[in-house]
Every structure is written in structure tokens, then in C-alpha cells.
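FYI, side chains are in, hydrogens and waters are out, and symmetry mates aren't considered; it's all heavy atoms of this structure.
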Amino acid sequence: MALPAGAGLVAYNAAISRCARAGLYPRALALFREMRGRGLRADEYTLPPLLNSSALLRAPPAAATLHALLLRAGLASHLHVANALVDAYAKLSRPGAARAVFDEMPRRDVVTWTSLLTGLARAGAHDAAVRVYRGMAAAGVDPDEFAVAGVLSSCAGSTMLELGRSVHAAAVRLGFLPFLSVGNSLVSMYAKTGALRDARTVFDAMRARCTITWTALIVGYAQNGRGRQSLEIYTDMVRSGCRPDYVTFIGLLFACSHAGLVDAGRAHFRSMVTDYGIAPGPDHYACMVDLLGRAGRLEEAMDLLNRSSTELDATVWKALLGGCRVHRNAELAERAAEMVWRLDPADAVPYVMLSNLYSRERRWGDVARIRALMKSRGVTKEPGCSWVGVNGVMHLFHVEDRGHPRAAEIYRKVEEMMERIRAGGYVPDTDWALQDEAPDGRERGLAYHSERLAVAFGLLAVPAAAPIRVFKNLRVCGDCHAAIKMVAKVYGREIILRDANCFHHMKDGACSCGDYW
DNA sequence: ATAGGGTTAG
């Protein structure tokens with residue numbers, strides 16, 4: 001089929017490797033079948049590019065077959081083969097399998113550790129990834145620039161600013177700053193942990209920048225409520241001769257969306273296609289729908305979707321659902337929810353969104369109906385939790401959580417907070433009571449949502465001069481948003497709340513998100 | 001002839 005009849009093992013290995021490098025993964029696997037058909041056995045040079053190809057093709061069966069084959073061939077203890085296997089499982093989002101291979105290895109090097117680390121990070125297991133980074137150091141393996149870039153990404157993902165700073169210091173010491181990947185992940189880490197000024201400082205100090213660097217900064221500014229500056233940075237990027245890519249436009253449209261810049265968003269969407277030849281993907285449509293939906297242009301959003309040529313995914317419809325919720329369009333919301341249910345039946349978001357919408361409309365019968373539907377379909381919502389870092393220690397809170405050692409004090413602080421903001425004119429909005437509920441499905445009051453507990457603890461434990469940095473795994477509840485904004489004003493504190501959607505820099509009673517989230 | 005990295009909305 002491809003190689004001459006007498007081709008030997010070395011010729012096949014070389015050909016397979018070339019294909020894998022060139023991104024011709026199916027061809028690499030086909031060559032392997034051909035090779036086996038001719039009675040040649042894979043060796044330690046054959047397997048790594050094959051494992052890599054099957055992982056990048058998202059072909060778990062192929063990877064599993066290769067795994068079985070290398071076990072039979074006695075190649076499992078070969079370092080490069082085992083590393084490739086760890087990485088393949090990591091790329092296939094199977095961190096458990098990657099870990100199992102890792103644990104069995106008689107010898108590990110920095111590549112082994114880094115493969116596991118990035119695999120965990122990719123699966124969103126950032127805490128585990130950080131533990132791997134520490135384990136590597138404990139095992140006497142020095143991190144290299146790959147490991148540093150990877151762990152910084154996990155610092156960002158788990159909002160560990162202090163750890164991120166210490167990794168930054170280590171990177172300086174080890175001379176890794178000139179590596180683009182390290183600079184890029186530093187920019188992103190600082191931006192994602194709300195330390196935008198530090199992100200900018202790193203960015204300015206970088207000797208070379210690439211599309212990823214600029215994109216990280218654009219997204220960072222947008223996430224921190226500085227959408228207009230994101231657009232200025234984009235202008236600088238283009239002026240500097242750097243070409244935006246698919247991801248850059250996601251960030252850019254996201255920035256337009258968060259800043260409410262409808263015209264700019266439309267223009268950039270067009271420019272992406274006409275100036276850069278990038279076909280809009282579902283991600284871009286989701287951003288555009290978000291942008292138009294926020295502005296109340298739900299019809300235009302639907303129109304855009306109807307004219308789209310790509311296959312739309314659940315995120316697009318969830319974005320539409322978000323717009324419907326804000327602009328209280330129940331009819332369209334139901335259609336959007338139907339689409340999400342079709343594409344991603346296990347997702348709790350449409351239920352929560354619809355339930356919020358109905359409860360704001362005081363349609364309690366529909367609220368009950370949605371809740372029953374969710375229950376009958378066995379869909380469960382991820383429990384909400386918030387955390388706040390004090391002296392490098394994360395304090396985690398759930399709804400009505402009394403597990404913290406200082407719980408009594410924290411609850412007293414919440415009471416005090418509520419009293420003071422009521423005096424300042426805050427009125428509780430009980431329509432949001434359904435946003436966060438205990439796992440047993442019982443409705444709860446608003447007073448002890450996890451974000452309030454975390455803010456109360458922040459008031460107690462964070463030095464007065466420092467901002468209180470609170471993180472939440474889901475979107476902040478609307479009532480908590482209003483309450484915490486007022487807390488920031490009444491207590492004269494800066495509160496930086498990062499939720500699943502964006503940053504909320506709250507100061508003097510205002511929020512950087514512009515009250516849309 | 002072989003293995004690992006950084007940016008990505010909701």
C-alpha cells in the first residue's frame with residue numbers, strides 16, 4: 001500500500017514517525033497495520049508515535065489495543081514507550097489510566113511527571129496536578145520549562161495565586177522566562193487569578209510574544225471587566241504584525257460581549273471571516289449569541305444561528321438561554337433548553353436557567369414542573385461552593401456550611417453584613433433563592449449562600465488593605481451579587497469575586513461586570 | 001527512527 005515490499009522495521013518506524021509529526025495520524029495507524037500484515041513486530045520506536053496518533057485522533061480503542069500490544073511485547077518498561085502511554089491516556093482525558101501506568105513504572109523522568117501533570121490539568125484536576133508538581137520535586141526530579149508552564153496553568157485553574165507567584169520565582173531562578181510557553185502561562189495565570197497588573201508586567205517584560213501571548217492578555221482583560229482595553233490590545237497585536245487565530249477571536253468576541261460592544265462584536269466577527277479566512281466555529285457563535293443576547297437582540301441571535309453553516313453545540317444554546325433569562329423571554333428559552341437537552345442531556349444548566357427565569361416571573365407551577373423534570377431525568381446540579389485564600393490557605397464553603405473552625409464567628413459576621421447593607425438600602429431579592437440549593441433539593445434561603453460565607457470570612461481574616469479574593473465554582477447568585485457589591489461599599493473593601501463566568505471587581509458599590517453575568 | 005508544554009467562551 002505505501003512502503004515497498006521489502007521494507008523493514010526501521011523503514012516503517014521512520015515512515016510512521018514522519019506521518020505522526022505531519023499530523024497524518026490515520027495514515028500512521030494504517031502503516032502500522034500494513035507493517036503487521038507483513039509479519040513485522042513493533043518495537044520501542046514504533047509505539048510512541050502510534051500512541052500519540054491514536055490519542056490525537058481521540059481513538060481510545062486504538063490506544064487500548066496498543067497498550068495491550070506493548071504489554072505482550074514486553075515494552076511497558078521502556079521509558080519512552082511508557083511516557084507516550086501516560087501522555088496518550090492524559091490526552092484522552094483518562095487521568096486514572098495515566099496514573100495507573102505512571103504508578104507501575106520502575107523509572108520516571110521529567111517527561112513522565114510532566115505528562116501526568118498536564119493530563120490531570122486537562123481533566124480539570126488542578127489540585128492533583130499541583131500535587132504531582134510537588135511530588136516531582138520531592139522525588140528529586142528538577143522541573144523544566146514544560147513542567148513549569150503546566151503547573152502555572154493549574155495554578156490559574158485552581159486560582160492559587162500565591163503558589164503561582166512562587167512558581168514564577170522558581171522560573172526566574174531556573175532561567176525559564178525566555179521560554180514563550182512559560183511567559184504565556186504566567187500572563188494567563190496572573191490574569192485568571194485577578195492579578196491583572198502582574199499579567200501586564202510579565203507581558204511587557206517578554207522579549208518575544210506570539211499569538212498565544214496576546215490572546216492570553218486579551219482574554220485576561222475581558223475576564224476582569226476591561227473589555228474596551230481588550231480591544232485596544234487587539235489593535236496593538238495586529239499593529240505589531242501578530243496574526244490572530246481562532247482562539248484570539250473567541251477572546252475578542254468574549255471581550256465585546258462583556259463590554260456590551262455590539263457593533264464592534266459584529267465587525268470583528270465579519271473581519272474574522274473576510275480578513276483572516278477563519279471559519280466561525282460553535283465557540284464563536286456562542287460568543288456572538290451571548291453578545292446579542294445580552295443586548296436584548298434575541299431575534300438577531302436566532303437569525304445568526306439560522307444562517308450558520310457549522311454544526312452548533314450545546315454551548316451556543318446555553319448562551320441563548322442566558323440571554324433569554326435576562327430578558328425574560330420564556331418562549332425562546334424553552335426552545336433553547338430543548339436544544340440543550342437534545343445535545344447534552346446530562347447538563348443541569350438549562351434546568352437551573354429555566355427555573356430561575358420562571359421564578360423571576362413568579363410562575364411557580366413551571367418552576368415545580370422543571371424541577372420535577374430534572375429529578376425524573378436524573379440530572380443533578382454540581383453543588384455550589386466558594387473559597388477564599390488567606391495566607392496561602394484555601395478556605396472552602398458550601399451552602400449553609402458550618403464545618404469551618406470559625407463558623408460561629410463567620411455566621412455572626414454574615415448577620416452583621418446583612419444588617420449593615422440593609423441599612424444602606426439593600427433589599428433581598430428572593431427570586432434567586434433557587435439558585436443554590438442543598439443536594440437534597442430542599443429550597444434554602446439566601447442568607448448563607450457559599451459566596452456570602454466566604455466574603456464574611458474574608459472580612460474577618462484578610463488584612464484591611466488587601467482585596468478579598470473569593471472564588472465560586474458556579475455563577476454567583478444574583479442576590480448575592482447585589483449584596484456583596486453593597487458589602488464592598490459599606491465596609492470600604494475591594495472584593496474580587498471570580499465565578500464560573502467572569503471576574504467581579506467590586507468597589508464602592510459598583511461591579512466591573514456591569515451587572516450582567 | 002521514539003516521549004512531555006503555553007492561549008479557548010458558557
Side-chain angles (χ1 to χ4, degrees), chain A residues 9-18 20-21 42-52 55 75 78-88 90-91 109-119 121-122 143-153 156 176 179-189 191-192 209-220 222-223 244-258 281-291 293 313-323 340 344 347 349 353 474-475 500-502 517:
Chain A
L9 180 59
V10 172
Y12 271 104
N13 285 349
I16 288 169
S17 168
R18 270 198 309 275
R21 272 175 193 281
D43 68 0
E44 68 270 27
Y45 287 97
T46 327
L47 281 156
L50 288 174
L51 285 163
N52 194 30
L75 293 167
H78 193 280
L79 189 59
H80 280 183
V81 173
N83 283 348
L85 189 58
V86 171
D87 182 60
K91 283 199 170 73
D109 66 1
V110 66
V111 175
T112 326
W113 286 95
T114 310
S115 297
L116 182 62
L117 192 161
T118 55
R122 189 176 287 114
D144 62 7
E145 70 276 18
F146 289 71
V148 163
V151 76
L152 282 170
S153 162
F176 292 161
F179 290 102
L180 261 179
S181 58
V182 172
N184 293 346
S185 48
L186 277 171
V187 170
S188 178
M189 183 276 292
K192 278 194 162 49
R209 304 182 185 106
C210 67
T211 301
I212 293 177
T213 326
W214 288 98
T215 302
L217 199 68
I218 288 169
V219 171
Q223 280 177 327
D245 69 3
Y246 185 97
V247 181
T248 310
F249 279 103
I250 296 172
L252 200 58
L253 295 175
F254 174 63
C256 294
S257 170
H258 277 249
D283 300 331
H284 301 108
Y285 280 105
C287 290
M288 284 305 289
V289 167
D290 192 51
L291 170 77
D313 64 11
T315 66
V316 177
W317 300 106
K318 279 194 269 186
L320 186 63
L321 204 40
V340 181
D344 191 0
D347 197 329
V349 166
M353 290 257 193
L474 308 173
R475 283 178 187 230
N501 187 33
C502 68
W517 69 98

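Rounded to an integer number of Å, the gap from A/Leu85 CG to B/dG4 P is 12 Å. Rounded to whole Å, atom C1' of B/dT2 lies 12 Å from atom CG of A/Leu9. Counting to the nearest Å, the P atom of B/dA9 and the CG atom of A/Asp290 are 12 Å from each other. The nearest whole Å value for the distance from the CZ atom in A/Arg122 to the P atom in B/dT7 is 10 Å. One can place CG of A/Leu50 at 11 Å from P of B/dA3, the figure rounded to the nearest angstrom. For the pair A/Phe146 CZ and B/dG6 P, the interatomic distance rounds to 10 Å; values are reported in whole Å. Rounding to whole angstrom units, CG of residue A/Asp43 and P of B/dT2 are separated by 12 Å. Distance CG (A/Leu51) to P (B/dA1): 20 Å, rounded to an integer number of Å.
A side-chain donor-acceptor contact under 3.5 Å links A/Ser115 to the backbone of A/Val111. For the pair A/Asp87 (side chain) and A/Ala90 (backbone), a donor-acceptor distance under 3.5 Å is absent.
The aromatic ring of A/Phe254 does not sit over the base of B/dA9; the criterion of centres under 5.5 Å apart with planes under 30° is not met.
Comparing B/dT2, B/dA3, B/dA1 against the side chain of A/Asn83 picks out B/dA3 as the nearest. Here the side chain of A/Gln223 is nearest to one of B/dT2, B/dA1, B/dA9, namely B/dA9. With distances taken from any side-chain atom of A/Pro48 to the nucleotides B/dG4, B/dA3, B/dT7, the minimum falls on B/dA3. For A/Asn13, the listed nucleotide lying nearest its side chain is B/dA1; candidates were B/dG6, B/dT7, B/dA1. When each of B/dT7, B/dA1, B/dG6 is scored by its nearest atom to the side-chain atoms of A/Tyr45, the top-ranked nucleotide is B/dA1. When distances run from any side-chain atom of A/His80 to the nucleotides B/dA3, B/dG6, B/dA1, the shortest one goes to B/dA3. Minimum atom distance to the side chain of A/Ile250 is reached by B/dA9, of the listed B/dA9, B/dT2, B/dA3. Among B/dA3, B/dG4, B/dT2, the nucleotide with an atom closest to any side-chain atom of A/Ser17 is B/dT2.
How far CG of A/Leu9 is from CD1 of A/Ile16: 8.5 Å, rounded to the nearest 0.5 Å.
With sequence neighbours excluded, the residues satisfying ring pair (Phe, Tyr, Trp, His ring centres under 6.0 Å) with A/Tyr246 are A/His284.
Using a 4.0 Å cut-off, no side-chain N or O of A/Arg209 falls inside it from OP1 or OP2 of B/dG6. For the pair A/Ser153 and B/dT7, the criterion of a side-chain N or O lying under 4.0 Å from OP1 or OP2 is met. At least one side-chain nitrogen or oxygen of A/Lys91 sits closer than 4.0 Å to the OP1 or OP2 atom of B/dG4. For A/Arg21 and B/dA1, the shortest distance from a side-chain N or O to OP1 or OP2 is not below 4.0 Å.
Between the side chains of A/Thr248 and A/Thr215, at least one donor N or O sits under 3.5 Å from an acceptor N or O. In this model, a donor atom of one side chain and an acceptor atom of the other lie less than 3.5 Å apart for A/Ser257 and A/Asp290.
Across all strands, A/Asn52 comes closer than 4.0 Å only to sugar-phosphate atoms, never to a base (heavy-atom distances). Backbone-only engagement by A/Asp87 is indicated by non-hydrogen atom pairs under 4.0 Å involving sugar-phosphate atoms exclusively. Heavy atoms of A/Val316 sit nowhere under 4.0 angstrom from any nucleic acid atom.
Residue-to-nucleotide contacts include no donor-acceptor pair under 3.5 Å from the side chain of A/Asp109 to the base of B/dG4.
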